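Here the structure comes first, spelled out in structure tokens, and everything after it is commentary.
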Amino acid sequence: MGNCCAYLGPQKNTNVRVSLPAVCFVWQIAMIVLFGVFIRYNPESDAHWVEHMRTENISSDIENDFYYRYPSFQDVHVMIFVGFGFLMTFLKRYSFGGVGFNFLIASFGLQWALLMQGWFHFLDHSTGKIYIGVENLINADFCCAGSLIAYGALLGKVSPVQLMVVTLFGVTLFAVEEYIILHLLHCRDAGGSMVIHAFGGYYGLAISWVLYRPNLHLSKRLNGSVYHSDVFAMIGTLFLWMFWPSFNSAITDHGDGQHRAAINTYLALASTVLTTVAISSMSQKKGKLDMVHIQNATLAGGVAMGTAAEFMISPYGSLIVGFCTGIISTFGYLFVTPFLENKLKLQDTCGVHNLHAVPGMLGGFIGAIVAAAASEEVYSREGLIDVFDFEGKHANRTVGTQGGYQAAGTCVAIAFGLVGGAIVGFILKFPIWGDPADDNCYDDEVYWEVRLAESNFSVEQS
Amino acid sequence: MGNCCAYLGPQKNTNVRVSLPAVCFVWQIAMIVLFGVFIRYNPESDAHWVEHMRTENISSDIENDFYYRYPSFQDVHVMIFVGFGFLMTFLKRYSFGGVGFNFLIASFGLQWALLMQGWFHFLDHSTGKIYIGVENLINADFCCAGSLIAYGALLGKVSPVQLMVVTLFGVTLFAVEEYIILHLLHCRDAGGSMVIHAFGGYYGLAISWVLYRPNLHLSKRLNGSVYHSDVFAMIGTLFLWMFWPSFNSAITDHGDGQHRAAINTYLALASTVLTTVAISSMSQKKGKLDMVHIQNATLAGGVAMGTAAEFMISPYGSLIVGFCTGIISTFGYLFVTPFLENKLKLQDTCGVHNLHAVPGMLGGFIGAIVAAAASEEVYSREGLIDVFDFEGKHANRTVGTQGGYQAAGTCVAIAFGLVGGAIVGFILKFPIWGDPADDNCYDDEVYWEVRLAESNFSVEQS
Amino acid sequence: MGNCCAYLGPQKNTNVRVSLPAVCFVWQIAMIVLFGVFIRYNPESDAHWVEHMRTENISSDIENDFYYRYPSFQDVHVMIFVGFGFLMTFLKRYSFGGVGFNFLIASFGLQWALLMQGWFHFLDHSTGKIYIGVENLINADFCCAGSLIAYGALLGKVSPVQLMVVTLFGVTLFAVEEYIILHLLHCRDAGGSMVIHAFGGYYGLAISWVLYRPNLHLSKRLNGSVYHSDVFAMIGTLFLWMFWPSFNSAITDHGDGQHRAAINTYLALASTVLTTVAISSMSQKKGKLDMVHIQNATLAGGVAMGTAAEFMISPYGSLIVGFCTGIISTFGYLFVTPFLENKLKLQDTCGVHNLHAVPGMLGGFIGAIVAAAASEEVYSREGLIDVFDFEGKHANRTVGTQGGYQAAGTCVAIAFGLVGGAIVGFILKFPIWGDPADDNCYDDEVYWEVRLAESNFSVEQS
């Protein structure tokens, strides 16, 4: 991958004064044009709603879906911007980049996602328009999440222009794999273990593998946290952790579906915290805890419940999922991340392998197993049809078949992540993107005006 | 304005040990008395609700408006206290004052707002009482926002007692201009581009202009951020940005109105982020981004959509609004704020000119244009009546006339801000308020017990 | 309590490498087994919901209680993890422990709470199962709060293993006293002034009293805040303050009950802020404010409204409650905490005496008075029955009697806290728990891998 062998020095050109504004302007103008051509309000957000209510026999404004999706949407929105953003502030001198670039690419990604998902799932072929409402906003936020996960593997090593490219392709690939998994294979994946986490995780890992930096040790002094940056990262961790039940239930069926998905996720996450603490403590001399584990592995239970949350996995089943994924994820941080870096030449800044890729993959297979084990006794006849959407041309599908398709869906997501990420990685290797040199990574001073901080302040004080 | 010409020294008396407790106690007691005389629960929050349900043929407890306003209320509440509060923590040694005084004045302001808005809009003349429910709480939070915006222009230069005065008058002026704009002129202003942002912005600017400090450069060492204070400010930025769709939709009509307002604001804000980044990067050598722009200008799209969010501005229209205001706001931070300070003798700590005053004014005019362009084709006959409330004595108003009134409303808001702010500014010039000397601004040590911080800690550590 | 008299030195063994993982694993496995035996989905979260709807004549999915409790649940969830967690980050070198151990014990506590509260309140004796839904999740979060409050008194002085023990017993005691107070005495306590705050406060104080450390002054250098840790703590303060209306209304009756509880709490908290600022300013030379008061005493109004929030206390009544408790709580921080430490040998790190114990007790008695003063005129006949649940065997209870029972309930909560805390304190004195030595308290380095922070960083920079 990387093929240099000597000191690289600061000779790389990290000036993005042309490329970053150009990308932002051109792509934003493209969004405006495409929205102008394609995007319209759906009946629930259009001023014709009063007429629509009459036609559809809707008796009251409060039956508008806004009231049953919007609180979940806002929780998801917080996860995307504060959750992912602050989780990536843990580096001592890359907090601006962590939260700031996350802000940038999510803002672009959600627009592109409304279009891409719209074309695949919501295009009205009679009018050629995509009609959007609150559910589309949730899906757009979900779609961004794949690229934000990938950012976790690349944190500190890429330029904002590269991140925009990662997001452009990430959202595109997401929409395609989601179409294949949810529509062609007719899988269920409410919280996106497969389509979001497995895909996003492997997408980021593949990019990072292609962009391997043999001399990254030259930036080692900045690849770590300080006391306060670890506390900032806990803001991200906790908002992700707290709102994950909303994430996994945001687009499930109304009624018992949303209710159950929230309960299952809540339980799995609680269980994960205890096993994460246990393994973290066991792994260190004197039993001291490591903030890296607490910030990340505690979330793995939410990832792993992304597919099965809406199923009748039962409360203790959720606890078991959380129990196992907490252990697996923490072991990943302890042993797999160093192994990947040293043996496989894969540098994964945030450990997305342990938090998203593997728990997402597991979540996909857990979903397959739980689906295959479903029965009319547990779900009721109608419940089974509702939960797995055994209607239309899928009316005769058995739960065993469904389980097989769920497993196949997981493989599709991983394949899209790996292949797509490898291709995007090669695109990002062109020397035009303004990425930092190996001795210049993890440093906000490359892309941000940084005030001379504490040291300067102390001087002024004295 | 300031008329001194030599070193001012620390001779100003910043002791607020009598004035601050006196203001807090006396005004709080006044609130209690006035609430005792005027404020009662409305039918939806009164224990007579069961009887009210029967009288009004309400079939179920879940039709209580609490369930359709409260989630939005909580989002707005977070914006007022965490959003505004943390946005103002960016200064290296004024974070306590930023978040703490915001907390104080919002807590007073919302009580006074319940009374002022109650007298103007919700007074039952038969009983002489104001009946409050969750919608009043949202409006009270909105009303505070005007004064909190003004605080942004004054940050670091005034005493908490002065801020209480700013809030007392700010809320009073707000209630009057809101009455004129919403009731007399019958304007629509769901998210308050006019009544909140244009008013609040110009109110703060006028006060700051009157309180001009010619020797403020003596505090220059503290007028800036440090690394961690910029990360704290991003907490404020993101919670404002994420919850702005709730802000603009919190009090719009149930159904499509709230739904559409949320979508429009979500899109405008996403677009703003990209153009803010573009301009910020273009403006700096090597294309580095400036945290001041990311923290502030990214929010301008929400401000500018405050009036038009509930209209059928269409999704691409929202993107265009966000696109333009991101550019305008960032240019404001680059060129207008320095110009105001150097040429117009107007010191605007947080740049409320660029974030609230101008985008608010633009939002008012955008609203006027979109209103004037409304048609039955786009809105449907009933939709038009619903959105613009063309009922009662306004039943015959045309959309063109409505547009004219909207524009007039914007001017009223600005006029109230400028004139009111000038008067309040002169009141604040009396030498009784305990404000800091010119070489003592932006410093928490003036009004807070500050532990000797990092320096002290390092000493102890060694 | 402590009986040593000379320098203790670092001879205590704080290695928790065996005990902490053992406790986490064994207890989590116990949870899984007990959940497997006892916990099932309730009809609203079970896939049989479609059938249940038909049986119960429920016309639509949107009548699922999920939609009317979940937004409040998420607010409460934020209070438990971010609110309590960040409020305890104020110490200069115990932020990891503050937010991290809070995360651990709440995650365990909520699982144990689902079981304990389930056995006492929700056990279906025909099937031997506990059927859970969103309301149980809220109650579980509430139940944890008691133990988290107790942690406030112990912050920095105990090991994570001890905290797990505190939580195990705390949740158990909570479930019993809650059963006595709410079921046997038939008290109303929507926001838990009695069952949560008075109990939790006195529970923590009693434990801390038993664990008195005579040489704690040896850790004095770390028992205080630095500038940024005080700003972190404000995150906790504000999320608690903002979402307290959701806390007090989360499990009240649908309709006017929830609506009124939110309004009353909102008002009481606003009032508290002003009197807290007033007393804080009065107490310091030159009127400077103390962050300790702003972080804590501003919340006392929410605690004190925990019982009466759902009653017709009237808006000005809420303001009066907030007014008084702000004063009392701030005085507590100024005078009572030092008195407790010096005279009663009771070390209360966060001052839970002033924020939870006393305001909780007052809240219980305020509730008793407001209940006793209730009348049919104010509540309506049906309203009175609804609010106080005068049904079944309590149909003939008078409001006077109810007031008496409310007062008795407060005493029960305090007694449980004091006696339970004393017993748990003695258990924690066994020398097996890995707690720190007296000169080693308030220090994250004991239980966390701490990077060498700013000092190290500065060196690298230079």
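Here the structure is a predicted model, which means the values were calculated and not measured. Per chain, numbering begins at 1; letters A, B, ... match sequence-line order.
With a threshold of 4.5 angstrom between heavy atoms, B:I385 does not approach chain A through any atom at all. If you measure heavy-atom distances from A:N64 to chain B, the contacts under 4.5 Å come from the side chain alone. Heavy atoms closer than 4.5 Å to chain A are found in the side chain of B:P71, but not in its backbone. With a 4.5 angstrom heavy-atom cutoff, B:T276 does not touch chain A via any of its atoms. For A:M53, no part sits under 4.5 Å from any heavy atom of chain B, backbone or side chain. Contacts between B:F311 and chain A at a heavy-atom distance below 4.5 Å involve the backbone alone (N, CA, C, O). In this structure, the portion of B:S249 lying under 4.5 Å from any heavy atom of chain A is its side chain and not its backbone. In this structure, the portion of A:V446 lying under 4.5 Å from any heavy atom of chain B is its backbone and not its side chain. Interface residue A:E44: backbone and side-chain heavy atoms are both found under 4.5 Å from chain B. Using a 4.5 Å cut-off between heavy atoms, B:S280 does not touch chain A at all. For A:L34, no part sits under 4.5 Å from any heavy atom of chain B, backbone or side chain. Looking at A:N136, neither its backbone nor its side chain comes within 4.5 Å of chain B, counting heavy atoms on both sides. The contact between A:D141 and chain B is made by backbone and side chain atoms together, counting heavy-atom distances below 4.5 Å. Proximity to chain B (any heavy atom under 4.5 Å) is shown, for A:F38, by neither the backbone nor the side chain. Heavy-atom distances place both the backbone and the side chain of B:I235 under 4.5 Å from chain A.
For chain B, the option among A:Y70, A:Y41, A:F86 with the highest count of heavy-atom pairs below 4.5 Å is A:Y41. Most heavy-atom pairs under 4.5 Å with chain A: of the set B:L267, B:L238, B:T298, this distinction falls to B:L238. Your options are B:V387, B:D230, B:V292, and the one with the most heavy-atom pairs under 4.5 Å with chain A is B:D230. Highest contact tally toward chain B, considering only A:T14, A:D444, A:V23, is held by A:D444 [criterion: heavy-atom pairs under 4.5 Å]. When A:T89, A:L137, A:V16 are compared by the number of non-hydrogen pairs under 4.5 Å with chain B, A:L137 comes out ahead. Most heavy-atom pairs under 4.5 Å with chain A, from the set B:Q295, B:M234, B:Q284, B:R381: that is B:Q284. The choice from B:V231, B:V378, B:L269, B:I327 that makes the most heavy-atom pairs within less than 4.5 Å of chain A is B:V231. Note on A:V50, A:V99, A:L110, A:I29: by heavy-atom pairs under 4.5 Å with chain B, the leading option is A:L110. Ranked by heavy-atom pairs under 4.5 Å with chain A, the first of B:F323, B:Y67, B:Y266 is B:Y266. Put simply, of A:H77, A:M164, A:E63, A:H48, the one with the most heavy-atom pairs under 4.5 Å next to chain B is A:H48. By number of non-hydrogen pairs under 4.5 angstrom with chain A, the leading residue of B:P315, B:G383, B:G224 is B:P315.
In this structure, the separation between CG on B:L384 and CE on B:M312 is 10.5 Å, given to the nearest 0.5 Å. Distance check: A:F142 CZ to A:F247 CZ gives 4.5 Å after rounding to the nearest 0.5 Å.
Counting heavy atoms from C-beta outward, B:T252 and B:R260 have side chains that stay 4.5 Å or more apart. Between B:S271 and A:Q28 there is a side-chain heavy-atom pair separated by less than 4.5 Å. Between A:F103 and B:T237, some side-chain heavy-atom pair lies under the 4.5 Å cut-off. Looking at heavy atoms from C-beta onward, B:F388 lies in side-chain contact with B:R188 at the 4.5 angstrom threshold. Side-chain atoms of B:L274 and A:S107, non-hydrogen and from C-beta on, do get closer than 4.5 Å to each other.
Annotation: B:Y227 is in aromatic contact with A:F96 [ring centroid separation under 6.0 Å]. Taking the six-membered ring for Trp and the full ring otherwise, the centers of A:W49 and B:H254 sit at least 6.0 Å from each other. Checked against the 6.0 Å centroid criterion, the rings of A:F232 and B:F232 qualify as a close aromatic pair.
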Item checked: Candidate pair B:Q258 and B:E310, rule side-chain hydrogen bond (donor to acceptor under 3.5 Å, both in side chains), full reasoning -> CA-CA 7 Å; B:Q258 289 198 281; B:E310 64 176 325; over 6 Å; no

Check: What's the verdict on side-chain hydrogen bond (donor to acceptor under 3.5 Å, both in side chains) for A:N42 and A:S45, showing C-alpha distance, side-chain angles and the deciding distance?
Finding: CA-CA 6 Å; A:N42 77 4; A:S45 57; 3.3 Å; yes

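Applying the salt bridge (Lys or Arg N to Asp or Glu O under 4.0 Å) test to A:D124 and every residue at least two apart in sequence or in another chain returns nothing.
Ionic pairing of A:E449 and B:K285 is not present here: no N-O contact between side-chain nitrogen and carboxylate oxygen is shorter than 4.0 angstrom.
Atom OH of A:Y131 sits in a crowded spot, with more than 12 heavy atoms from other residues, nucleotides or ligands closer than 6.0 Å.
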